[in-house]
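Lettering of chains follows the sequences in order, A, B, ..., and the numbering in each one begins at 1.
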Amino acid sequence: MTRDVVTTVAEAGAGGTLVVAFALLGQALHPKRFAGLFSAAPSIAIAGLIVTVLAAGDGPASRAALGMLFGAAGFVAFSLVVRPLLKRMSAVATSAFGCGAWVLVAVGGYLVAFR
Amino acid sequence: MSLLDRRDFEPAIHISFRGARNVPLRDLAIRFAFGAGISAVASLIAALAGWRAGGLMLAFPAILPATLTLLEQEESERKAVDADFGSVLGALGLAAFAAAAWWLLPRSGATIALVVAGVAWLGTAGGCFFTLRALVLRRQR
């Protein structure tokens, strides 16, 4: 239990830090079309996989990376859904729809593949 | 707005830290909280449902929603759309990252696996971008 709490806190701290770092890098890069690449940087993934390797080993981290493949497909869906909606509604509302698309593709695809 | 307009690919790629230095602390705090929250959820899901299920969240769009919102508010809708275009390519890179990490972690260890995965992300995302750029600029010459 304590180990799970420590792992979660460590992953949260590392993930938050890397998200900020990549976001700042994206802010510094121009044009925004190129900087957008870094909006999909593997910040959470790097933090998560490093903590997983340290906490549980390479095997569990590899399994996490397999799950991440479905998350990446969801991310593509998010980005594709958001683009036409940005012209019609606010970025906040658009992101909400995008998250719905992510859930549909990532979680749906995962359940189809592994259930 | 055409997806492959020459004008969107013409500006030279450059880095200017002035914009990054002027980011309000509040915006950084929001991004940190979002990233930390997503990571914590990933860890909790892994604890409850297994490592593979937790891995889903490793590719959740943590940076993009805040980026789109801030760009829309502080610059323009066009720049938000541009950033989203880039994120599609970045997401393809995420898939390459995940595939490389999945394959190499049990075979080569964490250090090699994560370095190669990082190169795979950059190579895929950047490669797609520069290939598209070259095609668009050549076609519309």
**Q** Pick one of side chain, backbone, both or neither for A/V53, based on which atoms fall under 4.5 Å of a heavy atom in chain B.
**A** side chain
**Q** So what's closer than 4.5 Å to chain A heavy atoms on B/F130: side chain, backbone, both or neither?
**A** side chain
**Q** Scan for side-chain hydrogen bond (donor to acceptor under 3.5 Å, both in side chains) pairs involving residues 44-65 of chain B, sequence neighbours excluded, and state none if there are none.
**A** A/Y110-B/R52
**Q** Who wins among A/S79, A/A91, A/A61 for the most heavy-atom pairs under 4.5 Å with chain B?
**A** A/S79
**Q** Which heavy atom of A/E11 sits nearest to which heavy atom of B/S39, and what is that distance?
**A** O-CB, 3.3 Å
**Q** Of all of A/V19, A/L49, A/T17, which one pairs up most often with chain B through heavy atoms under 4.5 Å apart?
**A** A/V19
**Q** Counting heavy atoms not belonging to B/F17, are there more than 12 under 6.0 Å from its CZ?
**A** no
**Q** Grouping I, L, V, M, F, W and Y whenever their side-chain heavy atoms are under 4.5 Å apart, do A/L111 and A/L69 come out in a common cluster?
**A** yes
**Q** Let me know if A/A106 has heavy atoms under 4.5 Å from chain B in its side chain, its backbone, both or neither.
**A** both
**Q** Do you know which of B/A98, B/G118, B/G109, B/G54 has the most heavy-atom pairs with chain A at a distance under 4.5 angstrom?
**A** B/A98
**Q** Do the two ring centres, one from B/F129 and one from B/F85, sit under 6.0 Å apart?
**A** no
**Q** Please name the pair of heavy atoms, one in A/V81 and one in A/A101, separated by the smallest distance, quoted to 0.1 Å.
**A** CG2-CB, 3.6 Å
**Q** Among B/L89, B/L68, B/L104, B/I30, which has the most heavy-atom pairs under 4.5 Å with chain A?
**A** B/L68
**Q** Any idea which of A/G59, A/A23, A/S62, A/S95 has the most non-hydrogen atom pairs under 4.5 angstrom with chain B?
**A** A/S62
**Q** Relative to chain B, which segment of A/A41 carries a heavy atom at a distance below 4.5 Å: side chain, backbone, both, or neither?
**A** both
**Q** Between chain A and each of B/L105, B/L122, B/L92, B/I38, count heavy-atom pairs under 4.5 Å; write down the option with the most.
**A** B/L105
**Q** What part of A/S90 gets closer than 4.5 Å to chain B, counting heavy atoms only: side chain, backbone, both or neither?
**A** both
**Q** Name the orientation class of the two ring planes belonging to B/W121 and A/F38 (parallel below 30°, tilted from 30 to 60°, perpendicular beyond 60°).
**A** perpendicular
**Q** Any idea which of A/A72, A/G48, A/P60 has the most non-hydrogen atom pairs under 4.5 angstrom with chain B?
**A** A/P60
**Q** Measure distances from A/L25 to the heavy atoms of chain B and classify the residue's part below 4.5 Å as side chain, backbone, both or neither.
**A** side chain
**Q** Side chains of A/S39 and B/S87: any donor to acceptor distance under 3.5 Å?
**A** no
**Q** Looking only at heavy atoms and a cut-off of under 4.5 Å, which of A/A73, A/G109, A/A65 has the most pairs with chain B?
**A** A/A65
**Q** Relative to chain B, which of A/A10, A/G15, A/A12, A/A47 shows the most heavy atom pairs under 4.5 Å?
**A** A/A12
**Q** Quick check for you: among B/S43, B/G37, B/A53, B/A62, which has the greatest number of heavy-atom pairs under 4.5 Å with chain A?
**A** B/S43
**Q** Go through the atoms of B/L114 and report whether side chain, backbone, both or neither lie under 4.5 Å from a heavy atom of chain A.
**A** side chain
**Q** Please determine whether the number of non-hydrogen atoms from other residues, nucleotides or ligands lying under 6.0 Å from atom CD1 of B/I112 exceeds 12.
**A** no
**Q** Under 6.0 Å from the CZ atom of A/F97, do we count more than 12 heavy atoms belonging to anything else shown?
**A** no
**Q** Determine whether more than 12 heavy atoms belonging to other residues, nucleotides or ligands lie under 6.0 Å from atom CZ of B/R107.
**A** yes
**Q** Between B/V88, B/V41, B/L56, B/V23, which residue shows the highest count of heavy-atom pairs closer than 4.5 Å to chain A?
**A** B/L56
**Q** What part of B/A95 is in contact with chain A, defined as an atom under 4.5 angstrom from a non-hydrogen atom: side chain, backbone, both or neither?
**A** both
**Q** Mind ranking B/D27, B/L58, B/L28 by heavy-atom pairs under 4.5 Å with chain A and telling me who comes out on top?
**A** B/L58
